[in-house]
Amino acid sequence: VPPVNWCPAESTVLSNEQSSGGVCWRCGAVVEKRDIEQWFFRITAYAEQLLEDMRELEGGWPERVLTMQRNWIGRSEGAYIEFQVKDTDERVRVFTTRIDTIYGANAVVVAPDHPLVERSPLKEDVRRFAERVRAASMQAREPGAVEEKEGINTGLLAVNPFSGEPVPVWAGNYVLMEYGTGAVMSVPAHDERDFEFAQKYSLPIKRVIGRVSHDQPAIAHDPTHPDQSAAMDQAFTEYGVLIHSGDWSGKLSQDAVREMAEFAEARGFGERAVTYRLRDWGVSRQRFWGAPIPIIYCDKCGVVPVPEKDLPVVLPERAEFTGAGQSPLAGVPEFVNTVCPKCEGAARRETDTMDTFVDSSWYFFRYCDPQNDSAPFDKEKVAYWTPVDQYVGGVEHAVMHLLYTRFWTKFMRDIGLVNFDEPVKRLMTQGMVVAETFYREGETAGSKVYINPSDVDVVRDDKGRVSSATLVGDGQPVTVGPFEKMSKSANNGVDPNEMIKAYGADATRLFILFAAPVENDLRWQEAGIDGALRFLRRVYNFVHRWREALAGAPKDAAAAGEFNAEARALRQATHRTIERVTNDFEGLRYNTAVAALMELLNSLGDFKAEPRSPSPAELFVVREALEALVLMLAPFCPHVAEELWEAMGHAGGILSSGARWPAFDKELARREEVEIAVQVNGKLRGRVNVSAGATEDETRAAALSDERVRAWTEGKQIVKTVVVPGRLVNVVVKG
RNA sequence: GCGAAAGUGGCGGAAUUGGCAGACGCACCAGACUUAGGAUCUGGCGCCGCAAGGCGUGGGGGUUCGAGUCCCCCCUUUCGCACCA
């Protein structure tokens, strides 16, 4: 059992994913290693599928998240190679992705806790070394810190199966027991770590890969070539051509990697293999809130799973919270003491609970059938609702929740609970609202106490940068920290109630959605809300200015009589806006949806008719526009929309009055006339209006007869004209 | 170091995916109405220029009638991973 991650601040074990970067995902404390026996889920059995199935997610998931998962799973293709250990019957197995470099191996380096160490003639020394390395690795280390390489010669010799050469076996602190086989072949000429190690201990460095030179294909066979013989000052890690490699010399790395592995396989001293960086998911937590791990320990029968009929194991109502870092359930005898399901003798329950991410891996399946008390859920119900079409969450879960739930779904598929591979078809990683942080001058990262922005007087220059910040009251200078997500711990949150009091919930929400695309972080700045509020006020005033007149508006277009050009233009704007907003909603582009609504209001504002003496046609188009506007506003600003909907003479609320999302008429959404940009040699020289249905020839003729364009083409030879119907004309002239 | 994404006005951001760069909004400027304006309305607002016009989407090159968008090189920023053999 490998050492597990331990958060000293929360006194619990964490998974690898939850201690990514060496810090606790919740509290940021630097994580230590501990030896504690824990329960794991074998997510590694799904490593290949998790990688494979990402193809289904391509396009629907942000590339960033897929990349993070790919890196996290860390597939690497290579080979296991066995080195015979001299004077023993042992073989030491190494994993390598660069078998093509094996003739350059100067040593086999094993992890300090590798079992082979027991065979070392110097095993006492090696043990002491291993103890030291272990103690160092258990310590909390600053994230990203790399320890200096250290090693000790075990006195054993291993035989390179390709060259027959004996090489020393070393134990090194940079070889990890948990990855691959816990042993590597050291090829300093072609691996940076091995190079560093060899330099420190003055081990021989032998170059066996040459740079491929297209001019000199024979370079490989010329050991006197400067590129090959020069003393190396760093490792050459690229693929190249094999040299000093016996019969393999002259081969290209990419071929040798495959062929040498096949050779080793045929000779029985190796095999091709794939390894993963992904480790099993440690799910035991020393917390109270979590699903108890359904395991019973019996002195006679050993470890016994709780039988299905007794599931779920329910948390006791009460537990002591000592803060001492024990599993709280261990202090609840009524919970701990039970009978063995096998022999019915006295037995004890597991007192750790499961990681919260176990629950979040499938909560949305349970949501489909939340009352079910005989099964996790009804398969039919889940089949109806899932997989999830659109999921919204933060990137911070890229290699936690979003990886676990994919694994969980595959497992549920394998036991027949669902019939698909992936739980989430489309993923949107939404941004966060971030704000500046403030703390007292002179405080350092570790000790600083954040000050709430409302307690700081900030003076900004005309570019919005903070030019001075002082504490309200005593005027003490305050240091401005970076933008961080609004949170309690950064103390940079904005009180929603204050916002609602000042601007109303509708305007606040409208502003947040309008200010940036959902996936962007939003730097909080209150100034922008004014715009949202102004917009809502204008809509409100517009509706109320027209409400009485609209009571007499014709019910349908046929009864409205003749539409003049102005009225037709407004209808066009209305239908075009419905089209845009509808599409934007589908694509979660709320910022442009709001912009489109603002544009529609601007069109209404430009509409010449006055509510004093409107024609039936004018009344019709204004009502059409206003109703569409209010209905489309409803998801953003429900309170205002409801109010206005009623003001326009609809009894009851929007939903109860049977209103629906407005439909657009493609015909009406189309412009009658379009403005065509006219370029001469790619430069904009004029604009002409043509009817929307104008042919290419008509458009070209209109463009060429434009006065300004003529000034630019006069006396020149027109080489060709490019016409993009409905958009532009480019006249290419010469001379 | 490796990997990914992104660089557009003073700011947040648009641009139907190769076709009028800067929609919409904030800020700013001018004017109107006002006892008043941190209200409202009208107009202006990329840069240089009196203008004509020129320049302009991080920098440099390329493809194209046409490039923010495609290709190559470079720079910068953000994020992720980091002894993974």
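Proteins get letters first, then strands, A, B, ... in listed order; numbering begins at 1 in each. Heavy-atom basis, side chains included; hydrogens, waters and symmetry copies ignored.
In this model, the phosphate group of B:C65 is not approached by any side-chain N or O of A:Lys734 to a distance below 4.0 Å at OP1 or OP2. Between A:Asn520 and the phosphate of B:G12, there is no side-chain N or O to OP1/OP2 separation shorter than 4.0 Å. Taking 4.0 angstrom as the limit, A:Ser76 places a side-chain polar atom (N or O) nearer than this to OP1 or OP2 of B:A85.
Of the candidates B:A85, B:A27, B:G19, B:A85 carries the atom nearest the A:Val184 side chain, counting heavy atoms from C-beta on. Side-chain proximity of A:Val724 to B:G19, B:C83, B:G13: nearest is B:G19. Closest to the side chain of A:Ala595, out of B:A23, B:C83, B:G25, is B:A23. Nearest to the side-chain atoms of A:Arg685 among the listed nucleotides B:C83, B:G54, B:A82 stands B:G54. When the nucleotides B:G12, B:A85, B:G3 are ranked by their closest atom to the side chain of A:Phe514, B:G12 comes out on top. Among B:A4, B:G80, B:C55, the nucleotide with an atom closest to any side-chain atom of A:Lys683 is B:C55. Minimum atom distance to the side chain of A:Leu684 is reached by B:A21, of the listed B:A85, B:G13, B:A21. Side-chain proximity of A:Asn591 to the nucleotides B:C24, B:G13, B:A27 is greatest for B:G13. The side chain of A:Asn730 sits closest to B:G66 out of B:G66, B:A85, B:G80. Checking B:U40, B:C65, B:G53 against the side-chain heavy atoms of A:Val732 singles out B:C65 as nearest.
A:Glu698 places a side-chain N or O within 3.5 Å of a backbone atom of A:Thr695 that can act as its donor or acceptor partner. Side-chain atoms of A:Asn5 never come within 3.5 Å of backbone atoms of A:Ser19 as a donor-acceptor pair (strictly under, hydrogens ignored).
Nucleotides B:G60 and B:A67 are separated by 15 Å at their C1' atoms, to the nearest Å. To the nearest whole angstrom, the two C1' atoms, one in B:A27 and one in B:G38, are 13 Å apart. B:C28 and B:C45: their C1' atoms are spaced 8 Å apart (whole Å). Rounded to the nearest Å, the gap between the C1' atom of B:G12 and that of B:G66 is 30 Å. Using atom C1' as the reference point in both B:G7 and B:A30, the two lie 34 Å apart (nearest Å). Using C1' as the reference atom, B:C33 and B:A23 are 30 Å apart when rounded to the nearest Å. For the P atoms, the distance linking B:A4 with B:G9 amounts to 26 Å, nearest Å. B:U57 and B:C11: their P atoms are spaced 16 Å apart (whole Å).
For A:Thr154, there are no side-chain hydrogen bond (donor to acceptor under 3.5 Å, both in side chains) partners two or more places apart in sequence or in a different chain. For the side-chain hydrogen bond (donor to acceptor under 3.5 Å, both in side chains) test, residues two or more places apart in sequence or in another chain that qualify with A:Glu672 are A:Arg568.
Distance CD1 (A:Ile73) to P (B:G3): 18 Å, rounded to an integer number of Å. In this structure, A:Gln679 places its CD atom 12 Å from C1' of B:A21, rounding to the nearest Å. Atom P of nucleotide B:A85 and atom NE2 of A:His190 are separated by 17 Å, given to the nearest angstrom. Rounded to a whole Å, the CD1 atom of A:Ile676 is 14 Å from the P atom of B:G19. Distance CZ (A:Arg589) to C1' (B:A23): 15 Å, rounded to an integer number of Å. The distance between atom CD of A:Glu196 and atom C1' of B:A85, rounded to the nearest whole Å, is 14 Å. In this structure, A:Arg537 places its CZ atom 11 Å from C1' of B:G38, rounding to the nearest Å. When rounded to the nearest whole Å, the span between CE of A:Met68 and P of B:A82 equals 10 Å.
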Read 5' to 3' with Watson-Crick or G-U pairs under 3.5 Å, [ ] for crossing pairs and | for partners on another strand, RNA chain B gives (((((((..(((......[....))).(((((.......))))).(((....)))..(((((..]....))))))))))))....

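Between A:Ser20 and A:Glu17 there is no side-chain heavy-atom pair separated by less than 4.5 Å.
No more than 12 heavy atoms of other residues, nucleotides or ligands lie within 6.0 Å of CD in A:Glu192, so this atom counts as exposed by the packing criterion.
Summary of the strand contacts: A:Ala596 and A:Gly182 both lie near RNA chain B, and taking for each the nucleotide with the nearest heavy atom, the more 5' one is attributed to A:Ala596. Each of A:Glu63 and A:Asp194 was assigned the nucleotide of RNA chain B with the nearest heavy atom; the assignment lying further toward the 5' end belongs to A:Glu63.
Backbone-only engagement by A:Arg534 is indicated by non-hydrogen atom pairs under 4.0 Å involving sugar-phosphate atoms exclusively. A:Val678 comes within contact range of no nucleotide atom at all, as no heavy-atom separation falls under 4.0 Å. At the heavy-atom level, A:Glu192 lies nowhere under 4.0 Å from the strands shown. A:Asn541 comes within 4.0 angstrom of no nucleic acid atom, judged by non-hydrogen atoms across all strands. Looking at heavy-atom distances under 4.0 Å, A:Arg64 makes contact with sugar-phosphate atoms alone, never a base. Residue contacts for A:Pro517: at a heavy-atom cut-off of 4.0 Å it reaches the sugar-phosphate backbone alone, with no base atom in range. Heavy atoms of A:Arg75 sit nowhere under 4.0 angstrom from any nucleic acid atom.
Base orientation for B:U17: syn, the chi torsion being within 90° of 0. Syn is the conformation of B:G9, whose glycosidic angle sits no further than 90° from 0.
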Do any side-chain atoms of residues 530-543 of chain A form donor-acceptor pairs under 3.5 angstrom with protein atoms, and if so which ones, sequence neighbours left out?
residue: A:Arg538; atom: NH1; partner: A:Asn602; partner atom: OD1; Å: 3.3
residue: A:Arg538; atom: NH2; partner: A:Asn602; partner atom: OD1; Å: 3.3
residue: A:Asn541; atom: ND2; partner: A:Arg537; partner atom: O; Å: 3.4

List the atom pairs, donor and acceptor, that lie under 3.5 Å between side-chain atoms in residues 174-181 of chain A and the rest of the protein, sequence neighbours left out.
residue: A:Tyr174; atom: OH; partner: A:Asp194; partner atom: OD1; Å: 2.9
residue: A:Tyr179; atom: OH; partner: A:Ser76; partner atom: OG; Å: 3.1
residue: A:Tyr179; atom: OH; partner: A:Thr275; partner atom: OG1; Å: 2.7
residue: A:Thr181; atom: OG1; partner: A:Arg93; partner atom: O; Å: 2.6
residue: A:Thr181; atom: OG1; partner: A:Ala183; partner atom: N; Å: 3.3
residue: A:Thr181; atom: OG1; partner: A:Ala183; partner atom: O; Å: 3.2

For a quick test of your reading: what N or O donor-acceptor pairs under 3.5 Å do the side chains of residues 674-683 of chain A make, sequence neighbours left out?
residue: A:Asn681; atom: OD1; partner: A:Val733; partner atom: N; Å: 2.9
residue: A:Asn681; atom: ND2; partner: A:Val733; partner atom: O; Å: 3.4

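The aromatic rings of A:Phe511 and A:Trp524 lie perpendicular to each other, with more than 60° between the two planes, well past the 30° mark. Relative orientation of the A:Tyr201 and A:Trp170 rings is tilted, given thresholds of 30° and 60° on the angle between their planes.
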